[in-house]
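Below, chains carry the letters A, B, ... as their sequence lines are ordered, and counting in each starts from 1.
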Amino acid sequence: MPLRLYNTLTQEVQPFAPLSDNTVRMYTCGPTVYDFAHIGNFRTFVFFDLLRRWLRASGFKLDHVMNITDVDDKIIRNAVAQNKTLEEYTAIYTKAFLDDCAALRLERPEHLARATENIAEMASAIHKLEDDGFTYRSDGSVYYRISKFKGYGKLSHNDFSGMVAGARVDVDNYDKADARDFALWKAAKPGEPSWDTEVGNGRPGWHIECSVMAIRYLGDTLDLHAGGIDLIFPHHENEIAQSEALTGKPFARFWVHSEFLFVEGQKMSKSLGNYYTLRDILAMGYSPEVVRFLLASVPYRKALNFTFAGLASAKTAIERLRNFKLRLETAKLPAGVNAAIADHATRALAGFREAMDDDLNTAEALASVYEYLRDANIALDAGEFQTGNLAGAHALLEQMDAVFEVLKPSASTDGMSEADIENLIAERTAAKKSRDFKRSDEIRAQLLESGVIIEDTKDGVRWKRK
RNA sequence: GGUGCGGUAGCCAAGUGGUAAGGCAAGGGUCUGCAAAACCCUUAUUCGUCGGUUCGAUCCCGACUCGCACCUCCA
């Protein structure tokens, strides 16, 4: 069966395919670069990456835009506090974000769109909304009048019909006509960055950038729009209101949302002391691919409980996969094909694909790989795994790694050269042969200290970096 | 209060109207000079509670209960 995704709009799992020319036009809500991104953010960004990879594995081409919000209240506040310009401040965290993404092996979207590079387009869109009567002004700011847009609430499935305009307006929203209304354009304030545009001097509201950049780079109707589940309301609801008012066409065919991440069962928050950036986790000695694997292995629509026990578990699980690959590369195999193992490889590959096609069920996809792994290891132990079984094993691993990408260790920063390692291993083997176990154990310890693990097998000694 | 999601072994986590995947941990074992590493085996008569439908329910329906998210900035 082809790829199926859960569409928040219809609240159903539906077959997914792009509308035209086999290219998926997708937009994902990226970071606001006011600080280092945390692991909760990366749960979502890892999900985007899995989605990208599986869409491509499904035979589609990608045209993917992700925004970088580089102007907003928090950024302005922090930049001012640090006596930096907006550009200086956001450059730091934009780079940090991209570095973190690279560490997590996240593919770069085809376009990264910065809000500040699309101000004129936003102003122009706001102007059009004003002309078409979707807005009103208050103290130089422009607000979207939600009551003008029928269908508001169709994504979040909220029914606002019983809501009396103004009835629940908070005191700090006194300048809005309706609690649901939101700012498209915020009038300039002294000491804050602003842009002089056709709708006045000021800066854009949060929601407008996504509508404008999505339409600018991808066209009026997207195939797919993704984000964290918390963005459904109001952000994505507002994007729909803006975009569909602008174009008169459906904004996105599929809306896909990833669930939240918790830390040790609790919502991550600075006050609880369980707030971690990716950098925090890496500084504790975990490798990026371990984090990636943990975030990827829980299906995206299920809340993920991030724990350090879970990280340790992910680390061991990856090592088992890597070790299997190492085994394939170093074992001396008899010629021929083991039909049962070959068949299992075929079934495992099909099972992996079917699980991924089923709304990206990564947990089930991995299970398919592990079941094969056990059978193959048993066959390897028994000497029944044959040269003709290598291709099937590698095909499965490659398919798995095309999605999860955890097999290749991150480049070690230090460590001895391969030649030195081989020399020491040769010396150890000689020492063992002459029953000089003291010397052989010394060498083993020395290698371990340099991060090299030795494994004695019946096919000889093999090694790997820690 | 409204909307939505979820409660499956010590932890993480799939799943189906026909009798519980997988990972980690734990225990046992193989291998080994000893280790390490690796590999294998074992580990839920039971799927929040109570009813209902059914020949049969963890899976369908209802009630209850617990937890969570969104409804305000938030991935």
Side-chain angles (χ1 to χ4, degrees), chain A residues 8 11 28-32 34 37-48 72-74 153 156-160 162-163 168 170 172-173 179-180 182 206 226-235 237 257-262 264-269 293-294 297-321 323-324 326-327 330 351 355 358 361-374 376-382 432 435-438 440-441 444-445 447-448 453-458 461-464 466:
Chain A
T8 306
Q11 298 182 297
T28 58
C29 286
T32 299
Y34 70 96
H38 57 67
I39 53 174
N41 296 317
F42 283 114
R43 198 268 162 107
T44 295
F45 298 133
V46 167
F47 157 62
F48 295 163
D72 93 318
D73 291 348
K74 274 183 278 198
S156 56
H157 302 98
N158 280 319
D159 179 10
F160 295 99
M163 214 168 167
R168 287 208 215 155
D170 292 338
D172 59 346
N173 287 335
R180 303 171 300 170
F182 58 91
W206 173 37
I229 194 168
D230 53 315
L231 294 184
I232 293 173
F233 190 90
H235 183 54
E237 202 72 75
H257 294 97
S258 59
E259 253 290 353
F260 244 67
L261 172 145
F262 298 87
E264 306 288 351
Q266 291 185 295
K267 185 165 179 175
M268 184 164 50
S269 77
F293 188 80
L294 178 59
S297 58
V298 177
Y300 77 93
R301 282 206 295 136
K302 169 141 184 156
L304 189 158
N305 189 15
F306 184 96
T307 65
F308 288 95
L311 270 179
S313 168
K315 182 172 189 288
T316 312
I318 291 173
E319 277 168 9
R320 183 146 166 247
L321 290 166
N323 213 70
F324 177 69
L326 186 64
R327 236 186 142 175
T330 56
D358 183 14
N361 190 338
T362 50
E364 198 174 354
L366 284 173
S368 183
V369 174
Y370 281 112
E371 282 177 65
Y372 168 78
L373 215 69
R374 187 187 55 229
N377 270 322
I378 292 170
L380 280 160
D381 282 350
K432 276 180 72 177
R435 302 191 69 77
D436 182 0
F437 298 123
K438 184 164 172 288
S440 71
D441 288 353
R444 184 166 70 200
L447 283 166
L448 187 61
I453 294 167
I454 288 189
E455 297 176 3
D456 293 332
T457 76
K458 62 180 161 60
V461 183
R462 70 181 178 217
W463 62 274
K464 62 184 178 186
K466 215 175 192 171

B:G15 and B:G33: how far apart are their P atoms, nearest whole angstrom? 46 Å

Atom CD of A:Glu259 and atom C1' of B:G6: how far apart are they, to the nearest Å? 9 Å

Which one, B:A75, B:U3, B:C40, comes nearest to the side chain of A:Arg320? B:C40

Want to settle it: does A:Leu231 or A:Arg444 sit nearer the 5' end of RNA chain B, counting the closest nucleotide to each? A:Arg444

Look at all strands and tell whether A:His257 reaches a base, only sugar-phosphate, or nothing, counting heavy atoms closer than 4.0 Å. nothing

Does the A:Tyr370 side chain pair with the main chain of A:Ala317, one donor and one acceptor, at a distance under 3.5 Å? yes

Both A:Leu366 and A:Phe48 contact RNA chain B. Taking the nearest nucleotide for each, which residue is further toward the 5' end? A:Leu366

Could you measure between the two C1' atoms, the one in B:U43 and the one in B:A20, and give it in whole Å? 14 Å

Rounding to a whole Å, what distance do you find between A:Arg301:CZ and B:C5:C1'? 10 Å

Counting heavy atoms from C-beta on, name the nucleotide in B:C41, B:G23, B:C73 closest to the side chain of A:Tyr370. B:G23

In whole Å, what separates the P atom of B:C40 from that of B:C31? 16 Å

Tell me the closest heavy-atom pair linking A:Ala37 and A:Phe42, and the distance in Å. CB-CE1, 3.5 Å

What integer distance in Å separates A:Asn158:CG from B:U3:C1'? 6 Å

Between C1' of B:A25 and CG of A:Leu311, the distance in whole Å: 15 Å

Side chain of A:Ile378, heavy atoms from C-beta onward: which of B:C40, B:C70, B:A37 has the nearest atom to it? B:C40

A:Phe47 CZ - B:A75 C1' separation (whole Å): 11 Å

Contact list (N/O, under 3.5 angstrom) for nucleotides 12-15 of chain B vs protein:
unit_1 : atom_1 : unit_2   : atom_2 : d
B:A14  : OP2    : A:Lys302 : NZ     : 3.2
B:A14  : O3'    : A:Asn361 : ND2    : 2.9
B:A14  : O2'    : A:Glu364 : OE1    : 3.4
B:G15  : OP1    : A:Asn361 : ND2    : 2.9

Considering every strand and a 4.0 Å limit on heavy-atom distances, what is the contact class for A:Phe233: base, sugar-phosphate, or nothing? sugar-phosphate

Separation of A:Asp230 atom CG from B:C71 atom C1', in whole Å? 13 Å

Using a 3.5 Å distance criterion without hydrogens, assess whether the side chain of A:Asn377 forms a donor-acceptor pair with backbone atoms of A:Leu373. yes

Of all the choices, B:A38, B:G22, B:C34, which nucleotide is nearest to the side chain of A:Glu455 once you look at every atom? B:A38

Identify whether any heavy atom of A:Phe260 sits under 4.0 Å from a base atom; if not, whether one sits that close to sugar-phosphate; answer base, sugar-phosphate or nothing. base

Determine the contact category for A:Ser368: base if any of its heavy atoms lies under 4.0 Å from a base atom, sugar-phosphate if only primed atoms, P, OP1 or OP2 are that close, otherwise nothing. nothing

Take the protein atom CG of A:Asp441 and the nucleotide atom P of B:G33, then report the distance between them rounded to whole Å. 12 Å

Given the P atoms of B:U30 and B:A21, what is the spacing between them in whole Å? 28 Å

Derivation and outcome, side-chain contact (heavy atoms from CB on, under 4.5 Å), residues A:Phe324 and A:Leu380: CA-CA 10 Å; A:Phe324 177 69; A:Leu380 280 160; 3.9 Å; yes

May I ask you to evaluate whether A:Lys315 reaches the phosphate of B:A25, defined as a side-chain N or O under 4.0 Å from OP1 or OP2? no

Pairing pattern in dot-bracket form [Watson-Crick, G-U; both distances under 3.5 Å; | = partner strand] for RNA chain B: (((((((..(((.....[...))).(((((.......))))).....(((((..]....))))))))))))....

B:C64 and B:U54: how far apart are their C1' atoms, nearest whole angstrom? 23 Å

State which of B:C71, B:G33, B:C40 makes the closest approach to the side chain of A:Ser440. B:G33

Is a donor on one side and an acceptor on the other found under 3.5 Å between the side chain of A:Asp358 and the backbone of A:Asn361? no

Look at all strands and tell whether A:Leu448 reaches a base, only sugar-phosphate, or nothing, counting heavy atoms closer than 4.0 Å. nothing

Touch class at under 4.0 angstrom, heavy-atom based, for A:Phe262 against every strand present: sugar-phosphate

Taking the same atom, P, in B:C59 and in B:U19, what whole-Å distance lies between them? 15 Å

Determine yes or no for a side-chain-to-main-chain donor-acceptor pair under 3.5 angstrom, with A:Arg43 supplying the side chain and A:Gly228 the backbone. no

Is it the case that over 12 heavy atoms from other parts of the model lie below 6.0 angstrom from the NZ atom of A:Lys315? no

Under-4.0 Å salt bridge between A:Arg462 and A:Glu455: yes

Output the distance between atom OG1 (A:Thr330) and atom CH2 (A:Trp463), rounded to the nearest 0.5 Å. 12.0 Å

Could you work out the separation of B:A38 and B:G6 based on their P atoms and round it to a whole Å? 37 Å

If you measure from the P atom in B:G18 to the same atom in B:A25, how many Å do you get, rounded? 33 Å

Value for CZ (A:Phe47) from OG1 (A:Thr28), rounded to nearest 0.5 Å, stands at 9.5 Å

Heavy-atom protein contacts under 4.0 Å, nucleotides 26-32 of chain B, coded B base, S sugar-phosphate only, - none: -------

Look at all strands and tell whether A:Arg374 reaches a base, only sugar-phosphate, or nothing, counting heavy atoms closer than 4.0 Å. sugar-phosphate

Just how far, in rounded Å, is C1' of B:G6 from CD1 of A:Ile229? 11 Å

A:Asn323 has a side chain; which of B:C24, B:A38, B:C40 sits nearest to it? B:A38

